[in-house]
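Below is one structure, written out as structure tokens; the observations come after it.
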Amino acid sequence: MRVRRVACPGSFDPVTNGHVDIIRRAATLHDEVIVVVGANRAKHGMFTVDERVAMLEEVTAGLPNVSVETFRGLLVDYCRDRGVSAIVKGLRAVSDFEYEMEMAQMNYRLAGIETLFMTANPLYSFLRSSLIREIAAYGGDVSSLVPPPVEARLRARLAELAQG
Ligand code: ADP
């Protein structure tokens, strides 16, 4: 039997409850889910790629058919190499649509890779990693927006930055 392996790509700097919601739902629909952390532009982030992977592994530890990997280069090349049949993305709002549609069509044109969209959980549809970083940097409470290990790492990183 063919394994239905899908990829959930992103920068995950850091992973939020919105990401986890999509990953969890994708894992109920497909045999295997690989969460792939893009490393092309990761240098400018708050967390290193290794830290992002570690957080993702921690928060998906209870999902046996989910694994975490990184990729550099074109996502479609990664998908072909790893036998991924489709990319799963979450759609938060109309504002996501234009960009995601363009990427999906380009990825199909480049390599025949399908993209499947899941609508964001309305509890998390306003959530993006950059906003989490900003709220946390100004001392806001993000405890209901990110998994507990992520909140702890955010605090630790901000303390490091404050010390210079
Ligand atoms: P962001 O920095 O905007 O959170 P990422 O590149 O880390 O973006 O996100 C990867 C993908 O995860 C996005 O393209 C989107 O499909 C999905 N995603 C991100 N945040 C959410 C959310 N709150 N709800 C549903 N899907 C989301």
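Indexing begins at 1, ligand by ligand and atom by atom, following the structure's order. Everything numeric here is computed off the predicted structure, so don't read it as measured data.
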Check if [X] has a non-hydrogen atom at a distance under 4.0 Å from any atom of ligand 1.
{"X": "Gly38", "answer": "no"}
{"X": "Ser11", "answer": "yes"}
{"X": "Ile22", "answer": "yes"}

**Request:** Take atom OH of Tyr108 as the centre, draw a 6.0 Å sphere, and report whether it contains more than 12 heavy atoms from other residues, nucleotides or ligands.
**Result:**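 No, the 6.0 Å shell around OH holds no more than 12 heavy atoms from other groups.
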**Item:** Between Asp141 and Ser143: side-chain donor-acceptor atoms closer than 3.5 Å
**Value:**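 Their side chains do contain a donor-acceptor pair, which is all the 3.5 Å distance test asks for.
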**Message:** Same cluster or not: Met118 versus Tyr124, using hydrophobic residues (I, L, V, M, F, W, Y) connected whenever any side-chain heavy atoms lie under 4.5 Å apart?
**Reply:**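 Result: yes, single cluster for both.
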**Request:** Determine whether the side chain, the backbone, both or neither of Ser125 has a heavy atom under 4.0 Å from any heavy atom of ligand 1.
**Result:** neither
**Message:** Counting only heavy atoms closer than 4.0 Å, does ligand 1 sit against the backbone of Glu100, its side chain, both, or neither?
**Reply:**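 For Glu100, only side-chain atoms sit under 4.0 Å from ligand 1.
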Nearest to [atom], what protein heavy atom do you find, and at what distance?
{"atom": "atom 11 (C) of ligand 1", "value": "Pro9 O, 3.7 Å"}
{"atom": "atom 9 (O) of ligand 1", "value": "His19 NE2, 3.1 Å"}
{"atom": "atom 24 (N) of ligand 1", "value": "Ala120 CB, 3.6 Å"}
{"atom": "atom 20 (N) of ligand 1", "value": "Arg92 NH1, 3.2 Å"}

Would you say [X] has any N or O atom under 3.5 Å from an N or O of ligand 1, going by distance alone?
{"X": "Lys89", "answer": "yes"}
{"X": "Leu91", "answer": "no"}
{"X": "Ser129", "answer": "yes"}

**Asked** Donor-acceptor pair, Asp13 side chain versus Met46 backbone, under 3.5 Å?
**Response**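 Side chain of Asp13 to backbone of Met46, a donor-acceptor pair under 3.5 Å: yes, one is there.
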**Request:** Examine distances only and state if a side-chain atom of Asn65 and a backbone atom of Asp31 form a donor-acceptor pair shorter than 3.5 Å.
**Result:**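 Judged by distance alone, yes, a pair lies under 3.5 Å.
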Should you measure from each heavy atom of [X], which atoms of ligand 1 turn up under 4.0 Å away?
{"X": "Tyr124", "result": "22 (C), 23 (N)"}
{"X": "Phe12", "result": "7 (O)"}
{"X": "Leu127", "result": "20 (N), 22 (C), 23 (N)"}

**Message:** Are Val15 and Phe47 packed together at the side-chain level, in the sense that at least one heavy-atom pair is separated by less than 4.5 angstrom?
**Reply:**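 Side chain of Val15 against side chain of Phe47, heavy atoms only: no contact under 4.5 Å found.
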**Prompt:** So, are Arg24 and Asp21 salt-bridged, with charged N and O less than 4.0 Å apart?
**Reply:** no
**Item:** Val49, Val37, Val36, Asp81 screened by side chain to side chain contact (heavy atoms under 4.5 Å, CB included) with Phe71, the one that passes
**Value:** Val36
**Prompt:** Between Val59, Ile34, Ile23, which is the residue that forms a side chain to side chain contact (heavy atoms under 4.5 Å, CB included) with Val66?
**Reply:**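 One option only clears the test, and that one is Ile23.
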**Item:** Taking every non-hydrogen atom, the tightest pair across Val33 and Cys8
**Value:**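 It is CG1-SG, 3.9 Å.
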